[in-house]
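The structure presented is a predicted model; accordingly, all values stated were derived computationally and were not measured. Just so we're on the same page: letters track the sequence lines, and every chain starts at 1.
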Amino acid sequence: MPELPEVESVRRGLEAQVVGKTIQEVQVYWDNIIESPKPVSQFKRRLLGQTIHQVKRRGKLLLFYLDQDVLISHLRMEGKYGLLDQDAPLTKHSHVIFNFRDGTQLRYEDVRKFGRMSLVEKGKEAQHKSLAQLGPEPTFEDLTLEWMLTFLAHKTRAIKSILLDQKLLVGVGNIYADEILFQARIQPDRPGGSLTNEEVEALRQAAIKILQEATLRGGSTVRSYKNSLGQAGTYQDFHQVYGKEGDPCPRCHQPIKKIKLNGRGTHFCPHCQQ
DNA sequence: AACCTGACCTGTAAGC
DNA sequence: TGCTTACAGGTCAGGT
């Protein structure tokens, strides 16, 4: 579910909630969520006694920095964290529980069970396969026009699909891909390599601006997203095309169209995105 | 290498 | 009211 703005909002909540807490016990109710180490008993044992010192983010990944290890966590479509007292009743979607020495617990809940966690030795997290291939963060310093032009050269696949893989830049998912392409006035099915330099620069500006603005608003809540404090985002109130099929385009008033592109619902204005 | 299609899961809403 | 189908903020293994 969450894209960069939502994950960053979760990160900020978690930073305020769990930094300084020491893990006393771990429970796992759905083994497939734990990627490594295997078996899950190892994952649990290694966490015992470690204190959370920092919560960072890279793309859509959350990174919990502990004494010896880094817990890498991806929420995928429906993952959520929450801090509760240890006597609060579990729900049917509570899959991983971190009990702390102070009597509270961090809970990972995930209706679809798509989320994944890995525990890696501190210092080796950048080499982990979930991190090693990631593109730059969407900032003016990291995401340069030169990089984007090089990356996109000769690419034949649709620009929307390129935005969704995390190599050109990190953090974009299905909502923000549509919003960014609308802002940049680029049709989602244009081959990546066919964009002009001006269009690539427009894409760069749109990506940085929209992801920053959405982060400022705590992300978008379309169905179920909440941060670790239980708060919804408000950026959905500013969506121009996502979820707006049939509505008039905010620029030209022609109806917004929804198509399926590479298996993903895709919203755009056929009139002003060429 | 580059690209596309299922598979992973469950819940909700729409269609009949 | 039921039953069936499509769809959902993501990624990856496997195939062409």
Side-chain angles (χ1 to χ4, degrees), chain A residues 1-11 29-36 57-62 72-81 91-96 108-118 128-135 138 150-181 189-194 207 210-211 214-215 217-227 231-239 241-246 258-267:
Chain A
M1 119 291 213
E3 309 177 38
L4 185 148
E6 293 76 34
V7 177
E8 177 58 22
S9 179
V10 171
R11 188 200 69 75
Y29 297 106
W30 190 260
D31 286 4
N32 283 350
I33 289 175
I34 311 304
E35 265 179 356
S36 71
R57 178 192 59 72
R58 174 82 173 97
K60 301 176 190 174
L61 291 163
L62 289 165
I72 304 174
S73 167
H74 199 306
L75 306 172
R76 295 281 178 94
M77 295 289 261
E78 286 283 341
K80 283 167 198 59
Y81 279 105
T91 73
K92 62 186 294 201
H93 302 304
S94 308
H95 303 309
V96 185
Y108 178 75
E109 309 201 330
D110 190 339
V111 168
R112 294 176 73 179
K113 302 173 177 165
F114 283 176
R116 294 292 179 264
M117 293 181 196
S118 295
H128 189 262
K129 69 171 167 55
S130 62
L131 280 157
Q133 306 272 42
L134 295 181
T150 306
F151 186 92
L152 290 173
H154 312 304
K155 291 277 192 299
T156 58
R157 47 201 291 240
I159 185 63
K160 157 100 186 242
S161 152
I162 295 175
L163 284 174
L164 292 178
D165 87 27
Q166 302 292 297
K167 297 189 182 75
L168 173 63
L169 76 161
V170 292
V172 177
N174 206 40
I175 292 180
Y176 297 109
D178 286 359
E179 294 296 321
I180 288 164
L181 289 168
D189 64 356
R190 288 271 303 280
S194 77
I210 286 173
L211 292 170
T215 302
R217 310 263 177 195
S220 303
T221 296
V222 169
R223 8 173 320 120
S224 66
Y225 163 71
K226 297 243 171 73
N227 68 16
Q231 301 160 329
T234 60
Y235 191 72
Q236 67 281 3
D237 299 340
F238 300 88
H239 290 175
V241 289
Y242 186 85
K244 306 288 185 187
E245 183 182 16
K258 181 176 181 186
I259 59 166
K260 189 150 268 197
L261 185 58
N262 293 100
R264 307 302 301 275
T266 298
H267 312 72

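In this structure, H93(A) does not reach the dC9(B) phosphate: none of its side-chain N or O atoms is under 4.0 Å from OP1 or OP2. Listed pair K129(A) / dT11(C) fails the phosphate criterion, with no side-chain N or O lying under 4.0 Å from OP1 or OP2. A sub-4.0 Å separation between OP1 or OP2 of dC8(B) and a side-chain N or O of K113(A) is absent.
If you check every strand for non-hydrogen atoms under 4.0 Å, K167(A) touches nothing. Residue D110(A) is out of contact with every strand shown, counting any heavy-atom pair closer than 4.0 Å.
Here the nucleotide nearest the side chain of R76(A), chosen from dA8(C), dT11(C), dC4(B), is dT11(C). The side chain of R112(A) has dA8(C) as its nearest neighbour among dG11(B), dA8(C), dT11(C). The side chain of N174(A) lies closest to dG10(C), out of dC7(C), dG10(C), dC4(B). Counting only heavy atoms from C-beta on, T156(A) has its side chain closest to dA2(B) among dG10(C), dT10(B), dA2(B). Closest approach to the R264(A) side chain among dG10(C), dC9(B), dG11(B) is made by dG10(C) (side chain taken as heavy atoms from C-beta onward).
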- Strand DNA chain C in bracket notation, Watson-Crick/G-U under 3.5 Å with | for pairs to another chain: .|||||||.|||||||

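Stacking is found between F114(A) and the pyrimidine-like six-membered ring of the dC8(B) base under the 5.5 Å centre-distance and 30° plane-angle cut-offs.
Using atom P as the reference point in both dC9(B) and dG14(C), the two lie 15 Å apart (nearest Å).
In this structure, H239(A) and Y176(A) have perpendicular ring planes: the angle between them is above 60°, well past the 30° mark. Below 30°, between 30° and 60°, or above 60°: for F238(A) and Y235(A) the angle between ring planes is below 30°, a parallel geometry.
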